[in-house]
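Here's the structure, in structure tokens; my notes come after.
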Amino acid sequence: AAAGQTANLAVLWRRENGSMSTLWDQVSCSAVLAVNHFNARDGRIVPEFATVPAGLQLNGLYYDAWSTAKMSLIAYRKAIADGAHIIAGPSRSAQSIPTSQLAGIDEVVINSPWASSPRLSETAVHTHFARIWPSDSLTASLIMEAITDFGWRKVGYVGVLDGYAEGFKDAMNAWSVNNADRPGGTAQLQSVKSFSFNNR
């Protein structure tokens with residue numbers, strides 16, 4: 001990067017008040033600290049920052065994406081309107097799925113710290129998406145294999161009806177289909193009705 005060049009980094013993380021507000025404040029503060037340390041080439045927490053050549057600076061733009069897809073999309077649109085070049089977040093898969101589709105249209109790189117839905121691995125749909133946390137495809141496969149090894153053949157799933165849970169269920173079902181010829185059979189995911197977010 002040329003000396004004096006600045007990139008606008010938008011952070012779409014949760015900052016809402018509530019029972020876990022202190023925890024989410026800490027997460028948000030870590031993003032601010034990371035931007036400040038990158039700009040200062042301070043390697044005390046992330047040693048690699050000290051080795052980044054001088055030139056590129058980050059301008060942090062911070063938005064509250066709460067924990068819902070709707071608020072994430074609103075935060076994303078604000079970030080784009082403010083000139084974001086790259087997006088960090090949102091955190092949850094249910095937020096990242098619709099947000100990364102918009103980022104693909106806008107050709108803006110989006111990197112989620114925690115989104116793990118296997119659906120986000122569909123690179124034809126999520127063209128500009130990256131993540132730190134691995135896909136749950138492996139987790140779902142290991143769960144189904146362990147259940148099969150126990151001799152169980154019917155598996156139920158209770159979870160919120162969103163992109164995370166649906167992707168996890170898809171991966172569990174895909175494992176059963178891909179291993180259908182195993183001697184003795186495999187565990188099969190039963191069709192279950194899920195519930196909507198915040199439905200007590």
Side-chain angles (χ1 to χ4, degrees), residues 7-35 58-137 139-140 157-174 189 191-200:
N8 292 327
L9 168 67
V11 179
L12 278 57
W13 286 0
R14 178 176 173 178
R15 291 201 321 264
E16 65 185 63
N17 293 323
S19 61
M20 296 177 63
S21 61
T22 302
L23 172 64
W24 288 115
D25 286 346
Q26 292 169 350
V27 171
S28 297
C29 286
S30 70
V32 176
L33 181 66
V35 168
L58 295 177
N59 176 36
L61 307 170
Y62 306 98
Y63 305 89
D64 191 349
W66 291 40
S67 288
T68 64
K70 178 181 177 181
M71 294 306 294
S72 178
L73 291 171
I74 290 171
Y76 172 84
R77 292 178 70 181
K78 287 179 182 177
I80 295 302
D82 291 340
H85 298 115
I86 188 169
I87 307 284
S91 301
R92 298 179 61 240
S93 296
Q95 297 172 284
S96 294
I97 290 171
T99 307
S100 72
Q101 288 174 301
L102 278 183
I105 294 169
D106 294 335
E107 298 184 344
V108 174
V109 173
I110 185 168
N111 190 350
S112 175
W114 296 308
S116 59
S117 173
R119 289 187 174 179
L120 288 161
S121 297
E122 299 170 4
T123 55
V125 177
H126 303 283
T127 57
H128 286 67
F129 178 78
R131 56 179 158 200
I132 307 303
W133 202 261
S135 167
D136 274 324
S137 294
T139 307
Y157 183 97
V158 178
V160 66
L161 182 62
D162 65 13
Y164 167 74
E166 294 300 301
F168 200 93
K169 283 169 41 179
D170 289 349
M172 291 171 75
N173 190 58
L189 187 66
S191 178
V192 292
K193 184 177 181 181
S194 298
F195 51 89
S196 58
F197 185 70
N198 281 339
N199 183 337
R200 294 182 182 275

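Counting begins at 1 with the first residue of the sequence.
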Item to check | Spacing of Trp13 atom CH2 and Ser112 atom OG [to the nearest 0.5 Å] | outcome: 9.5 Å
Item to check | Distance-only donor-acceptor check, side chains Arg92 and Ser67, under 3.5 Å | outcome: no
Next on the checklist: So if I apply the side-chain contact (heavy atoms from CB on, under 4.5 Å) rule between Tyr63 and each of Asp82, Val11, Ile74, which one comes out positive?
Outcome noted: Asp82
Checklist entry - Hey, are the side chains of Ile87 and Leu12 touching, using non-hydrogen atoms and a 4.5 Å cut-off? => result yes
Next on the checklist: If I compare all heavy atoms of Pro98 with all of Ala69, which pair ends up nearest, and what's the gap?
Outcome noted: CG-CB, 3.9 Å
Checklist outcome for this item: Residues Leu189 and Tyr157: closest non-hydrogen pair is CD1-CB, 4.0 Å
Next on the checklist: Whether the side chain of Asp25 engages the backbone of Ser28 through a donor-acceptor N/O pair (distance < 3.5 Å, no angle test) should be reported.
Outcome noted: no
Going by atom type alone, with no hydrogens or angles, which donor-acceptor pairs under 3.5 Å involve a side-chain atom of residues 124-132 and a protein atom two or more places apart or on another chain?
{"unit_1": "His126", "atom_1": "ND1", "unit_2": "Ser100", "atom_2": "OG", "d": "2.4"}
{"unit_1": "Arg131", "atom_1": "NH1", "unit_2": "Ala115", "atom_2": "O", "d": "3.4"}
{"unit_1": "Arg131", "atom_1": "NH1", "unit_2": "Ser117", "atom_2": "O", "d": "2.9"}
{"unit_1": "Arg131", "atom_1": "NH2", "unit_2": "Ser117", "atom_2": "O", "d": "3.4"}
{"unit_1": "Arg131", "atom_1": "NH2", "unit_2": "Ser121", "atom_2": "OG", "d": "2.7"}

Checklist entry - Could Glu166 and Lys169 be called an ion pair, given the rule that one side-chain N must be under 4.0 Å from one carboxylate O? => result yes
Checklist entry - Got Leu120 and Ser93 here, is their nearest side-chain heavy-atom distance under 4.5 Å? => result yes
Checklist outcome for this item: The side-chain contact (heavy atoms from CB on, under 4.5 Å) partner of His85 among Leu9, Leu61, Val109, Asn8 is Asn8
Checklist entry - About how many Å separate SG of Cys29 and OH of Tyr62, when rounded to the nearest 0.5 Å? => result 10.0 Å
Next on the checklist: I need the minimum non-hydrogen distance between Val160 and Ala165, along with the two atoms involved.
Outcome noted: O-CB, 2.8 Å
Item to check | Between OG1 on residue Thr139 and CZ on residue Phe168, distance to nearest 0.5 Å | outcome: 5.5 Å
